[in-house]
Amino acid sequence: MSTLDDNIAKLSGFLGRFRETGIQNRIGGQDVVGSGGVFQAHSPVDKSLICDVAHGTAVDIDRAANAASDAFADWRDMPALERKKILIRVAEGIEARAEEIALCECWDTGQALKFMSKAALRGAENFRYFADQVVQARDGQHLQSPTLMNVTMRKPIGPVGVITPWNTPFMLSTWKIAPALAAGCTVVHKPAEASPLTARLLVEIAEEAGLPAGVLNTVNGFGEGAGKALCEHPKIKAIAFVGESATGSLITKQGADTLKRNHLELGGKNPVIVFEDADLERALDAVIFMIYSINGERCTSSSRLLVQDTIREEFEAKLVARVNNIRVGHPLDPKTEIGPLVTEEHFNKVTSYFEIAKEDGATVAAGGEVVGDEGYFVRPTLFTNANNGMRIAQEEIFGPVLTSIPFNTEEEALSMANDTDYGLTGYLWTNDLTRALRFTDKLEAGMIWVNSENVRHLPTPFGGVKASGIGRDGGDWSFEFYMEQKHIGFATGQHKITKLGAL
Ligand code: NAD
């Protein structure tokens, strides 16, 4: 296994080119400077400058949307097997550069290498999975009626916009871009301003794999500039968005005049409910993993622990001991479990909850403090003696911060679990099968795991209810978003056509 020093040396090699030339937008297969000049990318590890990044505006989005529009017909009409081959080559390209992707992602976002090395490979899996669906993606049904042979088929919707956040940005981008390309759409990608590095690597890999110019275009910039312009552009037929719930609402408004189809994957305040009859050792492992891995910066994190009062004391004591043991450190150190938070703004947001928790009367049972002043590091934090009405139980903190709340009965647990604006995931720990059936039926969430942490299986639907989103990814659900259903009815005989104006 490589050491921290090895990884720093390798990273330095990978970053050299970014330092020299900065990150340009990639439009129609060409590097294009941002019409708004540049902005700067900094590392959350030590606040140092990584490189300049093209500041794209509505002008660049217009250019990219036109490039995506020009490239659309050829990409749509390319034989499915050829498109499939290209997408598989993209997966191979990602695998070949997985280390570069992982190290750059860690430096850009503060995520620990322990998790990011897998995230890069999951990006490749996304491409492979959707490449395998290319051939059937357009198939439809044959629906015979008395007078017609009805057939359906799916057609790619056209050029689409993909707007992604800064948490695991590479993996999330591939999750959207791979099915869009497999469907036959062309793409304009607007990555998060806080994490531009790996979006650049992705478009390079895709073009090297043979993706024709203009099929994938990357425009860097800010949400209110490039992001808004992408939502408003008439040539862009749909927006696949991952980010905050409040931004999701803006995406909908901005797309109203051009009647955009939107897929929104938004925030969460997901409950993990632990009953006294559960396998408590496994439950403890899963509770810890699902809030403290990936810096707690994951939409599916279980940030609310609802624990039965009979086991609460013992469970929380074990939790405190483990949380205090979690290794906070340099994200490129293979042993690190939590790296720095992504930006100063996000660090300020997360740390503000340390005071909010105390003001609301909760106990800071672990953490609740920053680590050093070189970067944006915080100690993994556990709040206890909380109730579900507190801000720490209702608001998405999006950091390594868990709020533990006791419950007495199943009804009380269910009511608290559902008492939130969000509804992305839920995690249930119990060995009572009928309770699990009852509880999961009533739990308001798009995705629920019973006696398990979140394990993603690509054919299953991914998405949330309530303020956590609209639409689903995964399997055929992705194609439903990126494609239009078309129906054609062929008359099978001389059925009677009602005559108007005839004598
Ligand atoms: P964000 O909403 O601030 O930004 C996401 C993206 O939207 C960025 O690229 C940003 O530039 C862009 N954007 C901002 N304003 C815009 C506008 N007016 N028009 C168009 N684009 C705009 O989110 P974030 O802080 O980068 O990411 C964290 C959030 O993402 C959390 O709420 C998290 O739960 C959510 N998330 C959800 C999922 C999911 O699958 N449900 C997955 C990952 C992250």
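The analysis underlying the following values was restricted to heavy atoms, covering all of them including side chains, and did not include hydrogens, waters or symmetry mates. All ligand and atom numbering here is 1-based and tracks the order in the structure.
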Is any N or O atom of Glu244, backbone or side chain, closer than 3.5 Å to an N or O atom of ligand 1? yes

For atom 12 (C) of ligand 1, what's the nearest protein heavy-atom neighbour? Residue, atom name and distance, please. Ile163 CG2, 3.6 Å

Go through the steps for Ile23 and Leu197 under the test side-chain contact (heavy atoms from CB on, under 4.5 Å), then give the verdict. CA-CA 8 Å; Ile23 295 179; Leu197 293 193; 3.3 Å; yes

Report yes if the distance between the aromatic ring centroids of Phe398 and Trp166 is under 6.0 Å, otherwise no. yes

Atoms of ligand 1 close to Ile251 [distance to a heavy atom under 4.0 angstrom, numbered from 1]: 19 (N), 20 (C), 21 (N)

Once side chain to side chain donor-acceptor pair (under 3.5 Å) is applied, what residue pairs with a partner in residues 344-353 remain, sequence neighbours excluded? Tyr353-Glu395

In the protein, what heavy atom is nearest to atom 5 (C) of ligand 1, and what distance, to one decimal place, separates them? Val242 O, 3.7 Å

Under 4.0 Å from a heavy atom of Leu424: give me the atoms of ligand 1 that qualify, with their elements. 41 (N)

Which ligand 1 atoms are under 4.0 Å away from a heavy-atom of Pro191? 9 (O)

Hey, is Glu453 close enough to Arg282 for a salt bridge, meaning N to O under 4.0 Å? no

Which of the numbered atoms in ligand 1 are below 4.0 angstrom from a heavy atom of Leu250? 18 (N)

Can we call the ring centroids of Tyr482 and His263 under 6.0 Å apart? no

Nearest candidate to atom 36 (N) of ligand 1, where distance is taken over non-hydrogen atoms, out of Pro196, Gly223, Cys299, Ser303: Cys299

Under 4.0 angstrom from ligand 1, any heavy atom of Ala194? no

NZ/NE/NH1/NH2 to OD/OE distance under 4.0 Å, Arg26 and Glu207: yes

Is any NZ, NE, NH1 or NH2 atom of the basic residue among Arg122 and Glu125 found under 4.0 Å from an Asp or Glu carboxylate oxygen of the other? no

What are the atoms of ligand 1, with element, lying closer than 4.0 Å to any heavy atom of Lys190? 8 (C), 9 (O), 10 (C), 11 (O)

Tell me the protein heavy atom at minimum distance from atom 24 (P) of ligand 1, and give that distance in Å. Trp166 NE1, 3.4 Å

Could any protein non-hydrogen atom be found less than 4.0 Å from atom 7 (O) of ligand 1? yes

Do Thr164 and ligand 1 have an N or O pair less than 3.5 Å apart? yes

Protein contact to atom 20 (C) of ligand 1 [nearest heavy atom, distance to 0.1 Å]: Gly227 C, 3.2 Å

Any Lys/Arg nitrogen of Glu355 or Lys358 sitting under 4.0 Å from an Asp/Glu carboxylate oxygen of the other? yes

Starting from atom 31 (C) of ligand 1, find the nearest protein heavy-atom neighbour and note its residue, name and distance. Glu396 OE1, 3.4 Å

When you measure from the side chain of Arg304 to the backbone N and O of Lys269, does any donor-acceptor pair fall under 3.5 Å? yes

Return yes or no for this condition: an N or O of Leu266 is under 3.5 Å from an N or O of ligand 1. yes

Is the closest side-chain donor-acceptor distance between Thr384 and Glu316 under 3.5 Å? no

Please state which protein non-hydrogen atom is closest to atom 28 (C) of ligand 1 and give its distance, to 0.1 Å? Phe398 CE2, 3.6 Å

I want to check something: taking the side chain as every heavy atom from C-beta on, are Asn454 and Ser301 in contact at a cut-off of under 4.5 Å? no

How far is atom 44 (C) of ligand 1 from its nearest protein heavy atom, and which residue and atom is that? Asn167 OD1, 3.3 Å

Only heavy atoms count here, so choose which of Glu265, Gln254, Glu193 is nearest to atom 40 (O) of ligand 1. Glu265

In ligand 1, which numbered atoms sit nearer than 4.0 Å to a non-hydrogen atom of Lys228? 19 (N), 20 (C)

By number and element, which atoms of ligand 1 are closer than 4.0 Å to a non-hydrogen atom of Leu172? 43 (C)

Carboxylate-amine/guanidinium proximity below 4.0 Å for Glu265 and Lys176: yes

For Phe462 and Trp175, I'd like to know if the aromatic rings sit close, meaning centre-to-centre distance below 6.0 Å. yes

For atom 2 (O) of ligand 1, which protein heavy atom lies nearest, and how many Å away is it? Thr247 OG1, 2.7 Å

Where's the contact between Leu230 and ligand 1, heavy-atom distance under 4.0 Å: side chain, backbone, both or neither? neither

Ionic contact status for Arg97 with Glu204, cut-off 4.0 Å: yes

Atom indices of ligand 1 within 4.0 angstrom of Phe462 heavy atoms, with elements: 40 (O)

